[in-house]
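Some notes on the structure that comes next.
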Amino acid sequence: MNELPDRVGPPLQPRSLHVRRATADDAWTLSALATRTFTETFGHLYPADDLAFFNENAYAPDKQRVILSHPDYAVWLLERDGEAVGHAAAGPCGLPHPDVREGDGELKRLYLVNSLQGGGHGTRLMQTAMDWLLRDGPRTLWVGVWSENFGAQKFYARHGFEKVGGYKFPVGNTLDDEFILRRPA
């Protein structure tokens, strides 16, 4: 019986992962990544028409360009060897909670491709977003999370967020129960 070596050639180099601030030139990349990561994470929950409508509207390249060009918002891309594999977005809080005040910040999005979840990369993106949100000093921070996304809820709890409310989040004609989490200043 012939035995083949496990690998022929030089040793593999670890794949390089880094975080960078996205620019308006990244609108198409962000659109494709946001659509991919939302679909990987939640696509199984929705009728195809609802999912397509949501992705086409929420993550359209023109909408991403507006966010990326706005001075009050910031988006970061996690890249592996030049390929966008995760992103985080932050800006002023827009969640429907009576305690939201002008000047409060919100983590708008935090997604990774499925193959990178659980490796500390979400924490890296989260810390980057938190540093940006708190760059001018302490302030109340908010995040919305699907009521059944227990892993994300635990993740946010580790960063000091607590449940303070809820609302309905539309994905096409589907209305999800979404929790509102807050981290006091």
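Both L141 and L181 belong to a common hydrophobic cluster when Ile, Leu, Val, Met, Phe, Trp and Tyr are linked at side-chain heavy-atom distances under 4.5 angstrom. Grouping the Ile, Leu, Val, Met, Phe, Trp and Tyr side chains by contacts below 4.5 angstrom, directly or via other members, places F179 apart from F169. A continuous path of hydrophobic side-chain contacts links W76 to V143 [ILVMFWY only; heavy atoms under 4.5 Å]. Grouping the Ile, Leu, Val, Met, Phe, Trp and Tyr side chains by contacts below 4.5 angstrom, directly or via other members, places L110 with V75. By the criterion of side-chain heavy atoms lying less than 4.5 angstrom apart, applied directly or through intervening Ile, Leu, Val, Met, Phe, Trp or Tyr residues, F54 is grouped together with Y111 in one hydrophobic cluster.
Two residues are said to be in side-chain contact when any heavy atoms from C-beta on lie closer than 4.5 Å; R109 and I67 meet this criterion. In this structure, the side chains of T140 and R101 stay at 4.5 Å or more apart for every pair of heavy atoms. By the 4.5 Å heavy-atom criterion applied to side chains, D131 and Q127 are counted as neighbours. Using a 4.5 Å heavy-atom cutoff, the side chains of R124 and H18 are in contact.
With hydrogens and angles left out, the side-chain atoms of N149 and Q153 include no donor and acceptor closer than 3.5 Å. Residues S16 and D81 have side chains that never bring a donor and an acceptor to within less than 3.5 angstrom of each other.
Nearest approach of V145 to A152, heavy atoms of both residues: CG2-CB, 3.6 Å. Across all their heavy atoms, L51 and G43 have their closest contact at CD2-CA, 3.8 Å. Annotation for W132 and P71: closest pair CZ2-O, 4.5 Å, computed over non-hydrogen atoms. Contact record, R183 with L134: NH2-CD1, 4.3 Å, taken as the closest heavy-atom pair. Taking every heavy atom of both residues into account, V100 and C93 meet most closely at CG2-SG, 3.7 Å. When all heavy atoms of P61 and S31 are compared, the closest pair comes out as CD-OG, 3.5 Å.
A salt bridge does not link R139 to D104: none of the charged side-chain nitrogens sits closer than 4.0 Å to a carboxylate oxygen. A salt bridge between E83 and R36 is present, with a side-chain N of the basic residue lying under 4.0 Å from a carboxylate O of the acidic one.
Remark: F42 engages F38, W146 in a ring-ring contact (aromatic ring centres under 6.0 Å, His included) (not counting sequence neighbours). D72 meets the salt bridge (Lys or Arg N to Asp or Glu O under 4.0 Å) test with no other residue; sequence neighbours excluded.
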Self-check item: Derivation of the side-chain contact (heavy atoms from CB on, under 4.5 Å) call for T23 and D26
Solution: CA-CA 5 Å; T23 70; D26 293 308; 3.5 Å; yes
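To the nearest 0.5 angstrom, D25 atom CG is 12.5 Å from L30 atom CG. Remark: D50 CG to N173 CG distance equals 5.0 Å, nearest 0.5 Å. Note that the CG atom of N55 and the OH atom of Y46 stand 10.0 Å from one another [nearest 0.5 Å]. Between atom OG1 of residue T37 and atom CD of residue E40 there is a gap of 7.0 Å, rounded to the nearest 0.5 Å. Rounding to the nearest 0.5 Å places CG of L17 at 6.5 Å from CZ of R80. For the atom pair CG (L112) and CG (L125), the distance works out to 6.0 Å, reported to the nearest 0.5 Å.
Remark: the backbone N or O of A58 is paired with a side-chain donor or acceptor of Q64 at under 3.5 angstrom. K108 contributes no side-chain N or O that, together with a main-chain N or O of A88, makes up a donor-acceptor pair within less than 3.5 Å.
Within 6.0 Å of CG on D99 lie more than 12 heavy atoms contributed by other residues, nucleotides or ligands.
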N/O donor to acceptor pairs below 3.5 angstrom from side-chain atoms of residues 155-168, sequence neighbours left out:
| unit_1 | atom_1 | unit_2 | atom_2 | d |
| --- | --- | --- | --- | --- |
| K168 | NZ | D177 | OD1 | 2.4 |

